[in-house]
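Down below is the structure, laid out as structure tokens.
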Amino acid sequence: MIEEKLVSLGLTLPGVPKPAGSYIPSLRINDLVFISGQVPFIDGNLLTGKLGSDISVEEGYDRAKVCALNALSVIKAEIGSLDNVKRIVKVSGYVNCVDTFVDHPKVINGASDLFGKLFGEAGQHTRIAIGSNSLPMDSSVELDVVFQVE
């Protein structure tokens, strides 16, 4: 059902991104799954740059959505089906930005809005949106997510 909603939105899940360091993509503890930081990879290409300099808020929003899709591909690999997600518990969003940038929430809304469209009330979550002067590999956005699962 959730994957049908993805298709109706014109979206597809990417393959599971490979870790860029010494960590695992996900860790399940009882009914919680913690997803490691996901950056905006599209077909193996990383979307880089700084918000407030060479990246607009709208582009950042779209990149946060890409991070969310990557997180969904990881959770699907962990639990078998997106229909087994009971709730999205927490989203932590990091925005690579200039010092004067203040629209971090508008950027991370790209992920939050997608989760809400896909999961309805179960997609409503706690969240933090943090600005950073750099992110790994000059990524423009990074996201980690905690899911509650069946």
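The first residue in the sequence is number 1, and the count goes up from there.
For the residue pair Glu59 and Ser56, the shortest heavy atom distance occurs at OE1-N, 2.8 Å. Taking both residues in full, the closest heavy atoms of Pro40 and Ser140 are given as CG-OG, 3.9 Å, listed atom of the first, atom of the second, then distance. Closest non-hydrogen pair, Arg87 versus Gln124, comes out as NH2-O, 2.8 Å.
Taken from SG in Cys67 to CG in Asp144, the straight-line distance is 10.5 Å, to the nearest 0.5 Å. The line from CG of Asn84 to CG of Asp31 is 12.5 Å long, rounded to the nearest 0.5 Å. Interatomic distance, CZ of Arg63 versus CD1 of Ile42, reported as 8.0 Å (0.5 Å rounding).
Between the side chain of Ser53 and the backbone N or O of Cys97 there is no donor-acceptor pair closer than 3.5 Å. Listed for the Lys50 side chain is no donor-acceptor partner under 3.5 Å among the backbone atoms of Asp138. The backbone N or O of Asn30 lies less than 3.5 Å from a partner atom in the side chain of Arg28, making a donor-acceptor pair. Without hydrogens or angle criteria, Gln38 side chain to Ser36 main chain gives a donor-acceptor distance under 3.5 Å.
Following chains of ILVMFWY side-chain contacts shorter than 4.5 Å, one cannot reach Ile128 starting from Val146, and the two form parts of different hydrophobic clusters. Two different hydrophobic clusters hold Val39 and Ile75 under the rule that ILVMFWY side chains link at heavy-atom gaps under 4.5 Å. The hydrophobic cluster containing Phe147 also contains Leu6, counting ILVMFWY residues as joined when their side-chain heavy atoms lie under 4.5 angstrom apart, directly or transitively. One hydrophobic cluster holds both Leu143 and Val57 under the rule that ILVMFWY side chains link at heavy-atom gaps under 4.5 Å. Ile79 and Ile2 fall within a single hydrophobic cluster, where Ile, Leu, Val, Met, Phe, Trp and Tyr side chains are chained together by heavy-atom contacts under 4.5 Å.
Here the side chains of Val141 and Ile108 are in contact, with some heavy-atom distance below 4.5 Å. Put simply, the side chain of Arg127 reaches to within 4.5 Å of the side chain of Asn109, judged on heavy atoms. Within the 4.5 Å cutoff, the side chain of Leu51 has heavy atoms near those of the Val107 side chain. The closest side-chain heavy-atom distance from Asn96 to Ser139 is not below 4.5 Å. Taking 4.5 Å as the limit, every side-chain heavy atom of Val145 sits out of range of all side-chain heavy atoms of His125. Within the 4.5 Å cutoff, no side-chain heavy atoms of Asp62 are placed close to those of Leu47. Looking only at side-chain heavy atoms (C-beta outward), Glu150 and Lys86 come within less than 4.5 Å of each other. In this structure the side chain of Leu118 never reaches within 4.5 angstrom of the side chain of Leu82, judged on heavy atoms.
Sorted by first and then second residue, the ring-ring contact (aromatic ring centres under 6.0 Å, His included) pairs with a member in residues 52-111 read Phe101-His104; sequence neighbours excluded. The salt bridge (charged side-chain N to carboxylate O under 4.0 Å, His left out) pairs that include a residue from residues 91-115 are Asp103-Lys106, where partners are two or more places apart or lie in different chains.
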Under 3.5 Å donor-acceptor pairs involving side-chain atoms of residues 9-25, not counting sequence neighbours:
residue, atom, partner, partner atom, Å
Tyr23, OH, Ala20, N, 2.9

